[in-house]
**Student:** 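What follows is a single structure, and I will ask about it in a moment.
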Amino acid sequence: MEATQSGSMPRIGEKAPEFKAVTTQGEINFPADYKGSWVILFSHPADFTPVCTSEFMTFAHMENQFAEANCKLVGLSVDGLYSHIAWLRTIKEKIEYKGMKNVEVNFPLIEDITMEVAKKYGMIQPGESNTKAVRAVFVIDPKGIIRTVIYYPLSLGRNFDELYRVIIALQTADAFSVATPADWRPGDDVIVPPAGSCGTAKDRMDGKEKMKCYDWFFCTKEISKETVLKTILKK
Ligand code: BEZ
């Protein structure tokens, strides 16, 4: 395995560190096996814990939604494979939560008892825990480049609607050469150009499209929700 370009914590814009691992879905070679797909690599502190269980049920419930956006999911904790298998079986057979039941986790969950992968991805943060991974989220693009990194502490369950929004927003930014403003959702105006000047006029044209300029550094244009979703989501 190679060292990251930046020491112990991979950063946005860097290549995702490579590793091979055993998972609940067999061995994976990361990120090579995911070339051509977006992937969310995320860690959780421990199997058989309540916040993690609520997160796995939610993520598994949304797996098809992420798949339609060409995004695969890969989980990790520093537990062993048999713990993972037993926990996921318990979730499927016993847990009913917020209307979700018989939830099958079909995406790979990495066993990392040596913490090799967790350390490589900066998931062990000793101020929080020496023995458990924090709730890390790495969004990696189809070329294997890290595009977003989010860390949460042990006690805070993630917002999976936000992670889905991140995937759609990144793909929208790439597809239309725009940026997305605060709280952007498909159908909201996007920012153009992503950085720099867009002139002094209040309303300008970007090709044939009318832009709205709030000031010289802040211009937006419309892209319909239908156009965004048609471009990004697989039929
Ligand atoms: C949980 O998932 O509930 C959890 C895991 C580790 C520490 C605290 C909470």
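For this chain, numbers begin at 1 and follow the sequence in order.
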**Student:** Do Thr220 and Met211 have side chains that get closer than 4.5 Å, going by heavy atoms?
**Tutor:**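 Result no, sub-4.5 Å side-chain heavy-atom pair not found.
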**Student:** Just how far is it from atom CD1 of Ile91 to atom CG of Asn102, taken to the nearest 0.5 Å?
**Tutor:** 12.5 Å
**Student:** Which residues, ordered by chain and number, are linked to Leu81 in its hydrophobic cluster, where ILVMFWY side chains connect at heavy-atom gaps below 4.5 Å, directly or through other members?
**Tutor:** Val22, Tyr82, Ile85
**Student:** Testing the basics here: between Met123 and Ala136, what is the closest heavy-atom pair and its distance to 0.1 Å?
**Tutor:** CG-CB, 3.7 Å
**Student:** When you compare the side chain of Val105 with that of Phe59, does any pair of heavy atoms fall below 4.5 Å?
**Tutor:** no
**Student:** Suppose we call two aromatic rings close when their centres sit under 6.0 Å apart. Are Phe107 and Phe66 close by that rule?
**Tutor:**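 No.
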**Student:** Is it possible for you to say whether Leu73 and Leu233 belong to one hydrophobic cluster, with membership spreading through side-chain heavy-atom contacts below 4.5 Å?
**Tutor:** yes
**Student:** Shared ILVMFWY cluster between Val117 and Ile124, side chains joined below 4.5 angstrom?
**Tutor:** no
**Student:** According to salt bridge (Lys or Arg N to Asp or Glu O under 4.0 Å), does anything in residues 45-56 pair up with another residue at least two apart or in another chain? List the pairs.
**Tutor:** Glu55-Arg135, Glu55-Arg158
**Student:** Partners of Ser129 by side chain to side chain contact (heavy atoms under 4.5 Å, CB included), sequence neighbours excluded?
**Tutor:** Thr131, Lys132, Leu154
**Student:** Please test Val103 against Ile95 for side chain to side chain contact (heavy atoms under 4.5 Å, CB included), starting from the C-alpha separation and ending with a verdict.
**Tutor:** CA-CA 8 Å; Val103 173; Ile95 312 281; over 6 Å; no
**Student:** For a 4.5 angstrom cut-off between non-hydrogen side-chain atoms, does Phe42 reach Leu163?
**Tutor:** no
**Student:** Enumerate the salt bridge (Lys or Arg N to Asp or Glu O under 4.0 Å) contacts for residues 70-81, please, sequence neighbours excluded, ordered by first and then second residue.
**Tutor:** none
**Student:** Of all residues at least two apart in sequence or in a different chain, which pass the side chain to side chain contact (heavy atoms under 4.5 Å, CB included) check with Gln65?
**Tutor:**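 Result, side chain to side chain contact (heavy atoms under 4.5 Å, CB included) vs Gln65: Met62, Tyr164.
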**Student:** Under a 4.5 Å cut-off applied to non-hydrogen side-chain atoms, are Asp141 and Leu170 in contact?
**Tutor:**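 In short, these two side chains do not touch, never coming nearer than 4.5 Å.
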**Student:** Going by the rule side chain to side chain donor-acceptor pair (under 3.5 Å), which residues pair with Trp87 if we only count those two or more places apart in sequence or in a different chain?
**Tutor:** Thr53
**Student:** Do Val51 and Tyr152 sit in the same hydrophobic cluster, where Ile, Leu, Val, Met, Phe, Trp and Tyr count as joined when their side-chain heavy atoms come under 4.5 Å apart?
**Tutor:**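 They do not share one cluster, since no chain of ILVMFWY contacts under 4.5 Å joins Val51 to Tyr152.
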**Student:** For Trp38 and Gln171, run side chain to side chain contact (heavy atoms under 4.5 Å, CB included): C-alpha distance rounded to whole Å, both residues' side-chain angles, the deciding distance at 0.1 Å, then the answer.
**Tutor:** CA-CA 9 Å; Trp38 289 78; Gln171 293 191 34; 3.4 Å; yes
**Student:** Could you measure the distance from the CD1 atom of Ile110 to the CD atom of Glu116? Nearest 0.5 Å is fine.
**Tutor:** 11.5 Å
**Student:** Looking at every heavy atom in both Asp161 and Asn159, which two are closest together, and how far apart are they?
**Tutor:**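 Here Asp161 and Asn159 meet closest at N-OD1, 3.0 Å.
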**Student:** With a 4.5 Å limit on heavy-atom distance, are the side chains of Phe138 and Pro10 in contact?
**Tutor:** yes
**Student:** Can you tell if the side chain of Ile40 reaches within under 4.5 Å of the side chain of Val137, non-hydrogen atoms only?
**Tutor:**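 Side chain of Ile40 against side chain of Val137, heavy atoms only: contact under 4.5 Å found.
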**Student:** Could you check Ser43, Pro45, Ser77 and say which one makes a side chain to side chain contact (heavy atoms under 4.5 Å, CB included) with Cys52?
**Tutor:** Pro45
**Student:** Mind checking what makes side chain to side chain donor-acceptor pair (under 3.5 Å) contact with Arg89, not counting sequence neighbours?
**Tutor:**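 Scan of Arg89 (side chain to side chain donor-acceptor pair (under 3.5 Å), adjacent residues dropped) gives none.
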**Student:** How close do Ala118 and Leu76 get, heavy atom to heavy atom, and via which atoms?
**Tutor:** CB-CD2, 4.2 Å
**Student:** Does anything in residues 170-190 form a salt bridge (Lys or Arg N to Asp or Glu O under 4.0 Å)? List the pairs, not counting sequence neighbours.
**Tutor:**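 Those involving residues 170-190 are Arg147-Asp174.
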**Student:** Sequence neighbours excluded, which residues qualify as side chain to side chain donor-acceptor pair (under 3.5 Å) partners of Ser224?
**Tutor:**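 Ser224 satisfies side chain to side chain donor-acceptor pair (under 3.5 Å) with Thr227 only.
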**Student:** Can you tell me how far the NE2 atom of His61 sits from the NZ atom of Lys98, to the nearest 0.5 Å?
**Tutor:**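 His61 atom NE2 to Lys98 atom NZ measures 11.5 Å (nearest 0.5 Å).
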**Student:** In the structure I gave you, are the side-chain heavy atoms of Pro186 and Ile168 within less than 4.5 Å of one another anywhere?
**Tutor:**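 Heavy-atom side-chain distance check passes, below 4.5 Å.
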**Student:** Is there a path of hydrophobic side-chain contacts, each under 4.5 Å between heavy atoms of I, L, V, M, F, W or Y residues, that connects Val166 with Ile145?
**Tutor:**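 No, separate clusters.
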**Student:** Mind telling me whether Phe56 and His44 have parallel, tilted or perpendicular rings, with 30° and 60° as the class edges?
**Tutor:**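 The arrangement is perpendicular - the two ring planes meet at more than 60°.
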**Student:** Which distance, rounded to the nearest 0.5 Å, do you find between the CG of Leu229 and the CD1 of Ile223?
**Tutor:** 11.5 Å
**Student:** Spell out, as yes or no, whether a donor-acceptor pair under 3.5 Å connects the side chain of Lys119 to the backbone of Thr114.
**Tutor:**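 No.
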**Student:** Once rounded to the nearest 0.5 Å, what's the spacing between atom CG of Leu109 and atom CD of Gln25?
**Tutor:**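 Separation between the atoms: 9.5 Å.
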**Student:** Considering residues at least two apart in sequence or located in another chain, which fulfil the side chain to side chain contact (heavy atoms under 4.5 Å, CB included) criterion with Ala16?
**Tutor:**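 With neighbours one apart ignored, the set is Phe30, Pro31, Tyr121, Ile140, Ile146.
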**Student:** For Glu96, which residues count as a side chain to side chain donor-acceptor pair (under 3.5 Å) partner, sequence neighbours excluded?
**Tutor:**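 Partners of Glu96 by the side chain to side chain donor-acceptor pair (under 3.5 Å) criterion come out as none, since no residue qualifies.
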**Student:** Taking ring pair (Phe, Tyr, Trp, His ring centres under 6.0 Å) as the definition, give me every residue that meets it alongside Tyr97, ordered by chain and number, with sequence neighbours left out.
**Tutor:** none
**Student:** Stepwise, does the side chain to side chain contact (heavy atoms under 4.5 Å, CB included) test hold for Thr172 with Trp184?
**Tutor:** CA-CA 11 Å; Thr172 299; Trp184 178 87; 3.5 Å; yes
**Student:** When you compare the side chain of Arg11 with that of Val149, does any pair of heavy atoms fall below 4.5 Å?
**Tutor:** no
**Student:** Would you please test Thr24 and Leu88 for side chain to side chain contact (heavy atoms under 4.5 Å, CB included) and show each step?
**Tutor:** CA-CA 9 Å; Thr24 49; Leu88 298 187; 4.1 Å; yes
**Student:** For Glu27, is the CD atom crowded, meaning more than 12 foreign heavy atoms sit under 6.0 Å from it?
**Tutor:**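 No, CD of Glu27 has 12 or fewer neighbouring heavy atoms, counting only those of other groups under 6.0 Å.
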**Student:** Is Phe19 linked to Ile113 within one hydrophobic cluster, defined over Ile, Leu, Val, Met, Phe, Trp and Tyr using a side-chain heavy-atom separation of less than 4.5 Å?
**Tutor:** no
**Student:** What is the distance from atom NZ of Lys15 to atom NZ of Lys143, rounded to the nearest 0.5 Å?
**Tutor:** 11.5 Å
